[in-house]
Amino acid sequence: MNIMSINAGSSSLKFSLFNMDTKDVLLSGLFERIGIEGSNYTIKYNDCKIKEEALMETHSDAIKILMDKIIELGVVKSLEEINGIGHRIVHGGSIYKESVVVTDKVLDDIIALSDLAPLHNPAHAICIKAFRDVLPNTPMVVVFDTAFHQTIEKDRYLYAVPYNWYTDYQVRKYGAHGTSHRYVAEKLKEELGRDDLNIICCHLGNGGSITAIKAGKCVDTSMGFTPHAGIIMGTRSGDIDVSMVPYVMEKAGKSAGEIMNDLNKKSGFLGISGISSDSRDIEDGIKEGNERCILTQKMYVNSIVKYIAEYYLLLGHVDVIAFTAGIGENSMDTRSDVIEKLSPLGIFINPEANNVRGKFAKISDKNSKVDVYIVPTNEELMIAQDTLKLIDRM
Ligand code: ADP
């Protein structure tokens, strides 16, 4: 069985085609600047990388090019060998608690939820329709990034704001990165052979979130109504006191949109360091003694530890702290800085075991009361697995 995993943005489309028998990626890549001058695509296949410019006015144009290339490269003999397509959807609101097969109703819901994800959901809908045009007989599944967090109880997903903000405007915690957190939880269950694990999962990438997981179910997550909340990120502030918003609007003569842009795109690592949103640049700055980079890392680690400490109490007993995504998988310094702060809980890192990047590995000391693991995430595979499961039942 071959399954295509799709992650569409407003002007981009990422794809991976999996052979689900072997879990091998047959082909992967990215279309960029769809509908914008300079549209181009990159395809990785058999250790080769093809990068070309091509006129693409719509997502349908990109998909047609992709299908032609798949045949031209001989990845499959006919498009019927693509047995299903799974789409990552950023927002499923309170409606979708798990992945589902695409129907007209599902498509309408995704469009109706655009208020909650104005940049993403409309693009997902366009892409689903475009695939329907090009591959009308291929079953499609949608995998929601919010679905994993739908098991959070009301006393943890509500904000203490006027109740009608929730009932009238759907203001509540939704979280994000659910597909990644779920992948990590399932991988740990499989590797450790236990389905009762209490896990604190730290997804530390350009965006970042921490999730408390009890026996495979999410009980809380650090992101909130939007992916803005929680820990400090590459360019996002994470949790802030909202009163600073009208205050700075007035002081700086900025509009609400400009302030949101500052908080989304000019804050986090970039805002504090004044240098970069990339953790590698921050680590280089620290080695050179740059005070603002040192401060950035301290604030970053503090924000992570705050959530781990809260979730430690929430779970009562923790079996595993997991690190995943770009920084979690690669930054030895961030992992050791975080774990060092957890020593009052009897949690300790093994520096030698921590000297590893991007591999499933146990990195805690043998005396540690909680096991610490690196678990490389694979959202694309998770999407493909859900797709396979659901189309098997059709
Ligand atoms: P996203 O998917 O949210 O865009 P990623 O999960 O790709 O983000 O993570 C991007 C972050 O991972 C960047 O801050 C980058 O610096 C960091 N990262 C990637 N590789 C390394 C590395 N070798 N060492 C430290 N940080 C790394």
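Indexing begins at 1, ligand by ligand and atom by atom, following the structure's order.
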Margin query: With heavy-atom distances below 4.0 Å as the criterion, list the atoms of ligand 1 near Gly207.
Written below: 3 (O)
Note to self: Looking at Tyr159, I want to see if its OH is surrounded by more than 12 non-hydrogen atoms of other residues, nucleotides or ligands under 6.0 Å.
What the structure shows: yes
Notebook entry, point to check: Does Asp278 reach ligand 1 with a nitrogen or oxygen that is under 3.5 Å from one of the ligand's nitrogen or oxygen atoms?
Noted result: yes
Next item on the list: Give the residue and atom name of whichever protein heavy atom lies nearest to atom 4 (O) of ligand 1, and the separation in Å to one decimal.
Entry: Asn206 CB, 3.5 Å
Check: Tell me, which protein residue and heavy-atom name are nearest atom 21 (C) of ligand 1, and how many Å apart are they?
Finding: Asn330 CB, 3.4 Å
Margin query: side-chain hydrogen bond (donor to acceptor under 3.5 Å, both in side chains) for Asp241 and Ser243? Distances and angles first, verdict last.
Written below: CA-CA 6 Å; Asp241 177 346; Ser243 303; 3.3 Å; yes
Check: Identify the closest protein heavy atom to atom 6 (O) of ligand 1: which residue and atom is it, and at what distance?
Finding: Gly326 N, 2.9 Å
Item checked: Audit row: Lys64, Asp133, salt bridge (charged side-chain N to carboxylate O under 4.0 Å, His left out) steps and yes/no -> CA-CA 10 Å; Lys64 279 180 198 136; Asp133 290 342; over 6 Å; no
Checklist line | ring-ring contact (aromatic ring centres under 6.0 Å, His included) involving Tyr311 - partner list, sequence neighbours excluded | finding: Tyr307
Next item on the list: Select the closest option to atom 19 (C) of ligand 1 among Glu329, Met233, His203, Arg280, judged by heavy-atom distance.
Entry: Arg280
Margin query: Apply salt bridge (charged side-chain N to carboxylate O under 4.0 Å, His left out) to residues Lys105 and Asp109 and explain how you reach the verdict.
Written below: CA-CA 6 Å; Lys105 154 96 173 60; Asp109 285 342; 2.6 Å; yes
Check: Is the His149 ring parallel, tilted or perpendicular to the His181 ring (thresholds 30°, 60°)?
Finding: perpendicular
Margin query: Does anything in residues 228-287 form a ring-ring contact (aromatic ring centres under 6.0 Å, His included)? List the pairs, not counting sequence neighbours.
Written below: Phe269-Tyr300
Margin query: Distance under 4.0 Å to a non-hydrogen atom of Ile327: what atoms of ligand 1 satisfy this?
Written below: 11 (C), 12 (O), 14 (O), 17 (C)
Notebook entry, point to check: Do other residues, nucleotides or ligands put more than 12 heavy atoms under 6.0 Å from the CG atom of Asp155?
Noted result: yes
Margin query: With the threshold set strictly below 4.0 angstrom, can you tell me whether any protein non-hydrogen atom sits that near atom 2 (O) of ligand 1?
Written below: no
Next item on the list: Determine, using heavy atoms of Gly234 and all atoms of ligand 1, whether some pair is separated by less than 4.0 Å.
Entry: no
Item checked: Protein heavy atom at shortest distance from atom 26 (N) of ligand 1 -> Ser279 OG, 3.0 Å
Check: Heavy atom under 4.0 Å from ligand 1: found in Arg357's side chain, backbone, both, or neither?
Finding: side chain
Check: Numbering the atoms of ligand 1 from 1, which are under 4.0 Å from a heavy atom of Gly205?
Finding: 5 (P), 6 (O), 8 (O), 9 (O)
